[in-house]
Amino acid sequence: MTAIDLPHPAWMTEDLVLLEEQARRFMRAEFTPHVDRWHEQGMYEREVWSKAGAAGLLCASMPEEYGGAGGSFAHEAVIIRELSLAGFDAFGAPLHSGIVAPYILHYGTEEQKKRWLPKLATGELIGAIAMTEPGTGSDLQGVRTTAKKSSNGYMLNGAKTFITNGQHANLVIVVAKTDPKERAKGVSLIVVETADATGFRRGRKLKKLGLDAADTSELFFEDVALPASSLLGTEEGQGFAQLMNELPQERLIVSAHAVAMMERALELTIAYVKERQAFGKKIIDFQNTQFTLAECKSEATIAKVFLDHCIGRHLDGKLDTVTASMAKYRLTDLLGTITDRCLQLFGGYGYMDEYPISRLYRDARVMRIYAGTNEIMKLLIARGL
Ligand SMILES: Cc1cc2nc3c(=O)[nH]c(=O)nc-3n(C[C@H](O)[C@H](O)[C@H](O)COP(=O)(O)OP(=O)(O)OC[C@H]3O[C@@H](n4cnc5c(N)ncnc54)[C@H](O)[C@@H]3O)c2cc1C
């Protein structure tokens with residue numbers, strides 16, 4: 001039982017319950033003991049990817065013929081929750097398995113799928129998606145990176161920033177303009193295998209407010225000559241539509257993280273207030289503590305019901321952009337409120353780095369910003385009014 005004790009949703013099959021148990025055991029044994037060290041050194045190790053691959057925790061939703069576990073998004077959701085409950089929010093695996101791999105599965109040619117997906121499943125390849133540029137974030141159609149047609153392929157030029165998995169990644173999907181005169185219609189997705197890419201350079205691993213162990217980085221592409229088969233799919237100018245199709249799942253991934261982080265914040269806080277004393281009482285015995293936690297637990301429970309509903313709709317192929325945007329906006333906003341209120345109940349210890357609640361509070365902040373800011377989510381919701 002965790003801090004949110006709801007029965008399993010209808011989509012949670014026996015197979016998923018087994019996956020949950022296996023992932024929980026694996027992460028508690030292999031990841032949790034090292035999370036503090038990775039946090040201190042500001043980066044987790046490369047071998048984490050191979051270990052996760054060997055344990056079947058990468059690309060769980062990819063078909064078996066391409067090296068995946070043949071699962072669905074529900075498998076990804078279970079793994080995401082376990083990562084958060086294990087305190088490993090900095091791991092870029094959800095993006096790798098739930099965002100990068102699906103682009104290849106849904107839009108790649110047969111040859112591209114066979115070439116990249118099995119290696120993503122083992123962790124031999126680590127995926128990243130490079131949309132954001134120093135001058136362009138929310139307004140994706142305005143990217144300046146170009147992939148110009150050359151005699152035998154493309155010449156890629158541009159700079160990307162804030163890229164998750166930026167130091168470890170060796171397969172980067174780059175959002176670039178194949179026709180710089182156009183906005184949306186000029187966008188294509190170009191897949192770069194960094195090992196062979198002369199002119200590709202990793203910039204700084206960026207210092208951040210939270211997610212300290214994550215290798216969020218700058219990436220630079222200077223006259224990177226790529227074969228024609230680097231274009232994802234066969235047709236140029238499809239990139240923006242492909243991005244729009246996949247964004248609901250990206251938003252659901254962030255929402256799933258947010259709810260699991262609420263669960264963990266509540267767990268940590270309930271345990272703490274039952275131990276710590278003031279004025280001859282346990283902190284839990286103050287009515288303020290009880291009411292605060294009662295409110296947080298109620299909100300988090302409602303959040304989880306909505307998340308489970310959205311996952312169910314997504315599994316049925318019916319999750320629309322507006323609903324996904326509502327989940328991402330509302331659940332990440334709520335996560336901010338809950339981690340803040342929980343941290344307060346720790347008093348000064350809540351402000352100390354060695355207390356995981358302080359890390360949760362910092363890690364939670366970016367979730368209102370990435371995968372489309374919450375303001376962009378509200379724009380999308382408002383369009384459907
Ligand atoms: C830790 C981290 C990891 C990330 N990982 C990745 C990654 O892997 N790949 C990737 O491509 N990107 C990644 N990003 C980038 C992230 O997606 C962008 O930061 C985000 O999309 C916002 O873009 P921006 O930072 O340029 O902000 P801007 O677009 O400059 O926005 C600034 C402010 O203006 C608001 N705003 C913008 N347009 C509007 C509008 N039309 N109406 C109202 N308000 C508006 C925004 O909401 C925001 O508050 C990551 C960012 C972080 C911090």
Side-chain angles (χ1 to χ4, degrees), residues 39 42-44 88-103 120 126-145 156 158-177 183-184 187-192 194 202-221 232 239-240 242-244 246-247 249-251 253-255 257-258 261 325 328-329 332-333 335-336 359-383:
H39 169 71
M43 182 108 133
Y44 59 84
F88 196 18
D89 293 308
F91 192 25
L95 177 134
H96 167 102
S97 302
I99 299 171
V100 173
Y103 275 112
L120 285 169
I126 297 174
I129 176 134
M131 301 182 258
T132 309
E133 301 181 350
T136 314
S138 305
D139 182 16
L140 252 185
Q141 300 182 19
V143 291
R144 306 272 296 271
T145 297
L156 188 65
K160 297 287 180 179
T161 194
F162 304 153
I163 305 308
T164 300
N165 299 340
Q167 295 297 315
H168 287 312
N170 46 4
L171 184 93
V172 184
I173 301 182
V174 180
V175 177
K177 287 269 171 84
R183 277 189 46 97
V187 174
S188 298
L189 302 185
I190 305 289
V191 186
V192 179
T194 64
R202 298 175 207 275
R204 291 174 300 152
K205 174 195 167 307
L206 299 159
K207 277 194 160 186
K208 311 183 287 302
L209 174 67
L211 296 176
D212 303 88
D215 50 329
T216 317
S217 304
E218 301 168 319
L219 302 178
F220 299 100
F221 304 87
L232 186 65
F240 196 74
Q242 292 164 345
L243 288 164
M244 291 304 109
E246 296 298 311
L247 285 175
Q249 176 153 313
E250 179 170 349
R251 284 158 194 165
I253 287 173
V254 176
S255 307
H257 255 304
M261 288 167 80
S325 305
K328 196 273 175 182
Y329 140 63
T332 58
D333 252 26
L335 175 66
R359 207 177 297 162
L360 261 176
Y361 173 83
R362 294 191 291 114
D363 292 351
R365 186 61 185 88
V366 74
M367 300 176 80
R368 287 186 256 165
I369 298 169
Y370 64 21
T373 65
N374 282 7
E375 291 72 31
I376 297 297
M377 296 305 104
K378 289 180 206 174
L379 270 182
L380 295 170
I381 299 162
R383 267 186 213 153

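In listed order, ligands and their atoms are each counted from 1.
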**Complete:** Logged contact type for L379 with ligand 1, heavy-atom cut-off 4.0 Å, is side chain

**Message:** Return the closest protein heavy atom for atom 1 (C) of ligand 1 as residue, atom name and distance.
**Reply:** V366 CG2, 3.6 Å

**Message:** Would you say the ring centers of Y370 and F162 fall short of 6.0 Å from each other?
**Reply:** no

**Asked** Is it true that a side-chain atom of E133 and a backbone atom of T145 form a donor plus acceptor pair closer than 3.5 Å?
**Response** yes

**Fill in**
If you scan protein heavy atoms around atom 36 (N) of ligand 1, the nearest is S138 OG, 4.5 Å

**Prompt:** Near I163, which atoms of ligand 1 are under 4.0 Å from a heavy atom of that residue?
**Reply:** 7 (C), 8 (O), 9 (N), 10 (C), 11 (O)

**Prompt:** For atom 17 (O) of ligand 1, which candidate among D363, I376, T132, I129 provides the closest heavy atom?
**Reply:** T132

**Prompt:** Which of parallel (below 30°), tilted (30 to 60°) and perpendicular (above 60°) describes H168 and Y44?
**Reply:** tilted

**Asked** Under the 4.0 Å line, does any protein heavy atom show up next to atom 49 (O) of ligand 1?
**Response** yes

**Asked** To the nearest 0.1 Å, how far is atom 26 (O) of ligand 1 from its closest protein heavy atom, and which atom is that?
**Response** G137 CA, 3.1 Å

**Request:** Return yes if some donor-acceptor pair links the side-chain N/O of R202 with the main-chain N/O of G166 below 3.5 Å, else return no.
**Result:** yes

**Item:** Test item: R359 and D89 side chains (from C-beta on) under 4.5 Å apart, heavy atoms
**Value:** no

**Message:** Closer than 3.5 angstrom, by distance alone: can the side chain of N374 be matched with the main-chain N or O of Y329 as a donor-acceptor pair?
**Reply:** yes

**Asked** Can any side-chain N or O of H39 pair as donor or acceptor with the backbone N or O of A213 at less than 3.5 Å?
**Response** no

**Prompt:** What do you reckon, does D139 have a nitrogen or oxygen under 3.5 Å from a nitrogen or oxygen of ligand 1?
**Reply:** no

**Shortest protein heavy-atom distance from atom 2 (C) of ligand 1, along with the residue and atom involved** = Y370 CD2, 3.6 Å

**Asked** Should R251 and L380 be marked as a side-chain contact (heavy atoms from CB on, under 4.5 Å) after you check the CA-CA gap, both sets of side-chain angles, and the distance that decides it?
**Response** CA-CA 12 Å; R251 284 158 194 165; L380 295 170; 3.5 Å; yes

**Request:** Quick one: look up the protein heavy atom nearest atom 43 (C) of ligand 1 and list residue, atom name and how far away it is.
**Result:** E375 CB, 4.2 Å

**Asked** Can you tell me the protein heavy atom closest to atom 20 (C) of ligand 1 and the distance?
**Response** I369 O, 3.7 Å

**Message:** Looking only at distances, can you tell me whether any N or O atom of K208, backbone or side chain, sits closer than 3.5 Å to an N or O atom of ligand 1?
**Reply:** no

**Asked** Should M131 be counted as touching ligand 1, given the test is an N or O pair under 3.5 Å?
**Response** yes

**Any donor-acceptor pair under 3.5 Å from K160 side chain to V175 backbone** = yes

**Message:** Using only atom types and a distance under 3.5 Å, with no angle test, would you say the side chain of D363 pairs donor to acceptor with the backbone of L211?
**Reply:** yes

**Request:** Please report which non-hydrogen protein atom sits nearest to atom 8 (O) of ligand 1, along with the residue it belongs to and the distance in Å to one decimal place.
**Result:** T164 N, 3.0 Å

**Request:** Give a yes or no on whether the backbone of V366 and the side-chain of K208 come within a donor-acceptor separation of less than 3.5 Å.
**Result:** no

**Request:** Identify the protein heavy atom lying closest to atom 46 (C) of ligand 1, giving its residue, its atom name and the separation to 0.1 Å.
**Result:** T373 OG1, 3.7 Å

**Prompt:** Is there any N or O on F162 that sits under 3.5 Å from an N or O of ligand 1?
**Reply:** yes

**Message:** Protein non-hydrogen atoms only, distance under 4.0 Å: does atom 23 (O) of ligand 1 have such a neighbour?
**Reply:** yes

**Request:** May I ask you to decide if D333's main-chain N or O and R368's side chain share a donor-acceptor pair within less than 3.5 Å?
**Result:** no

**Request:** Verify the contact flag for atom 33 (C) of ligand 1, where contact means a protein heavy atom under 4.0 Å away.
**Result:** no

**Prompt:** For T161 and ligand 1, does the shortest N/O to N/O distance drop below 3.5 Å?
**Reply:** no

